[in-house]
J.: 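Mind looking over this structure? Questions follow.
Index from 1, following the sequence. First listed ligand is number 1; within each ligand, the first listed atom is number 1.
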Amino acid sequence: MEEDLTTDLTQLQSHLETMLERVQQNSATLQKFQAFELRLLKLNSLSDIIDHLLEEAKNYFDLDVVSLCLSDETGEIEKTLNSYSYSSKNGLILLDKPLKSKAVEAYVGAYDSTLCSGFFPHIERQPTSVAITPLTRRGKYLGTLNLGSYQPDRFAGNMATDFIDHLSSVVSVCLENNLNIEEIRRVSYIDALTGVNNRRFLEQRIGEELRSCQRNAEPLSCQFFDIDYFKSVNDRFGHQGGDLVLALVAAAIRNQLRNNDVFVRYGGEEFVALLSNTDEPKALETAERVRKTIQALVIAFNDVSISVTVSVGVSTYVPEGLSIPVDDEIAARLVKAADSALYRAKHNGRNRVENGGVVSDKRVL
Ligand SMILES: Nc1nc2c(ncn2[C@@H]2O[C@H](COP(=O)(O)OP(=O)(O)OP(=O)(O)O)[C@@H](O)[C@H]2O)c(=O)[nH]1
C-alpha cells in the first residue's frame, strides 16, 4: 500500500515537472513572440519590415528558412523598394499575378513539394516541416509569411497554431499600415496632370543621387527642359490642349530616359531629369535625342495636330574625390547651371541644347 503511494507520488512529481518544463518553454516562446512583435510594430518603413521578417524571424524563432511573398500585381511594391535602392533579398517574392486559391490557405505540417515549393524557390535545401501563413487584412490578400525548419516535428499538422495566427495578424497590420503610408508618400510625389514625379520628389532625391555618384566616383548630369512658346499653345488650343501637350511631352521625354533616371515636372512647362553615371558628352547626346523626339511628336487634339519643340540646358556634376560632403549648395549649383544653359538656349533661338558645363564638389572660396 505504502509502496503504491510512493510510486503514485513519484509519477505525479514527474508529471508536474514535465508540465512545469512545458509552461517554462511556452513562457519563453511567448516572450520571444512579444519581443519580435514589439520590434515589428516600431519599424517605420516597408524595407525595414521586410528585413525584420526575413532576417530576424529566424533568430527569434529558431527557424532554418523564412520567406515572404507579397502580392504586387500593380508593381507598386517593387517601385517603392527601388526608390529606396533596396537590393532584392533572398526570400522576398513579389507576386505579379494572383495566387491560386488553394495556395492562399494556411498550411502547417510536413513539407509537401506540390504545395510548398513555390514558397521557398530561393533555397537549395528545402525544409522538412513548414508553416505557410496567409497575410490578410480587411478581406484583402497581402501575401504569405512562410516559416520552415529542417526538424520534421517543428511544425506538425495537429499542433496548436494560436501563436502563428497571432503573428500573421500582427504582420498583416504592420504591412497594410506601411503599404498605405508608402502609397500616400508615392502619390504626394506625383504630378497629377502628367503622371511623372513632381519637384518635391527632385528635392528629396537630388542629395541621395549626388551622394551615390560621389561614393562611386561617377558623374551625374542634370537636364532642364522647357517647352518653347507654350503660352501660344494655350492661346491657340485652350488650356485643355495645353494640358494634353504637357502630358504627352512629359511621357515622350520619360520614354527616352532610363527607368532609374529621376524625371520630374519642375513647374509649369518645365521638366528636369537627373541622369546617374552620365558624363557631359553622353548627357548632351541624350538631350539632343530628346529634343529631336519632341520635334517629331505630333499631338492629335480634337481635329488638329499640335507640334511643339523644347529647349534644353545641361550640366554635369563630376566628383573630385575630395570627400567634401555633398550638400544642398552643390545640388543648387547643378540645377542652376542647367537652368542658366536653358536660358541661353532660349536666347539663342530655342529648339536647341546648350551646355552649362561641369559642377564639381571643390569648395568655392
Ligand atoms: N495648360 C497649362 N498651361 C500651363 C500650366 N502651367 C503653366 N502653364 C502655362 O505655361 C505658359 C508659360 O509661358 P511662358 O513662361 O511665357 O513661356 P513660353 O510661352 O513657353 O515661352 P518661352 O519659354 O520663352 O519659349 C503660361 O501661359 C502658363 O499659363 C498647366 O498646368 N497647364
J.: Can you name the atoms of ligand 1, numbered from 1 with element, that are less than 4.0 Å from a heavy atom of G242?
T.: 1 (N)

J.: Any nitrogen or oxygen of D228 lying under 3.5 Å from a nitrogen or oxygen in ligand 1? Just yes or no.
T.: no

J.: Hey, does D191 have a side-chain heavy atom less than 4.5 Å from the side chain of V264?
T.: no

J.: Between E182 and R186, does any side-chain N to carboxylate O distance fall below 4.0 Å?
T.: no

J.: For atom 15 (O) of ligand 1, which candidate among H239, E269, K231 holds the nearest heavy atom?
T.: E269

J.: For the CG atom of N216 and the CG atom of N277, what is their distance to the nearest 0.5 Å?
T.: 8.0 Å

J.: Looking at K140 and E176, does any basic side-chain N land under 4.0 Å from a carboxylate oxygen?
T.: no

J.: Working to the nearest 0.5 Å, report the span between CZ of F263 and OG1 of T194.
T.: 7.5 Å

J.: Does the pair E285/K282 count as a salt bridge with the N-to-O cut at 4.0 Å?
T.: yes

J.: Would R211 and E208 pass as an ion pair if we require N to O under 4.0 Å?
T.: no

J.: Quick one: does S232 get an N or O within less than 3.5 Å of an N or O on ligand 1?
T.: no

J.: Is the backbone N or O of Q151 less than 3.5 Å from a side-chain atom of S129, with the two atoms forming a donor-acceptor pair by type?
T.: yes

J.: Name the closest protein heavy atom to atom 6 (N) of ligand 1, giving the residue it belongs to and the distance to 0.1 Å.
T.: G268 CA, 3.4 Å

J.: Do we see a donor-acceptor contact under 3.5 Å between the side chains of Y229 and R350?
T.: yes

J.: Which protein non-hydrogen atom lies closest to atom 32 (N) of ligand 1, naming both residue and atom, and how far is it?
T.: D243 OD1, 2.7 Å

J.: Just which atoms of ligand 1 are under 4.0 Å from any heavy atom in R350?
T.: 22 (P), 24 (O), 25 (O)

J.: Give a yes/no on ligand 1: does E270 have at least one heavy atom closer than 4.0 angstrom to it?
T.: no

J.: Can you list the ligand 1 atoms lying under 4.0 Å from a non-hydrogen atom of I227?
T.: 20 (O), 23 (O)

J.: Considering only the protein, which heavy-atom contact is closest to atom 31 (O) of ligand 1, and what is its distance?
T.: R265 NH2, 2.8 Å

J.: If the threshold is 4.0 Å, N to carboxylate O, is there a salt bridge linking D261 and R254?
T.: no

J.: Just need the protein heavy atom nearest to atom 3 (N) of ligand 1, so name the residue and atom and give the distance.
T.: N234 ND2, 2.9 Å

J.: Could you check atom 23 (O) of ligand 1 against the protein and tell me its nearest heavy-atom contact, residue, atom and distance included?
T.: K346 NZ, 2.9 Å

J.: Which ligand 1 atoms, with their elements, are less than 4.0 angstrom from a heavy-atom of Y229?
T.: 18 (P), 19 (O), 20 (O), 21 (O), 22 (P), 25 (O)

J.: Tell me the protein heavy atom at minimum distance from atom 20 (O) of ligand 1, and give that distance in Å.
T.: F230 N, 2.6 Å

J.: Please report whether ligand 1 has a polar contact with L246, defined as an N or O pair separated by less than 3.5 Å (distance criterion only).
T.: no

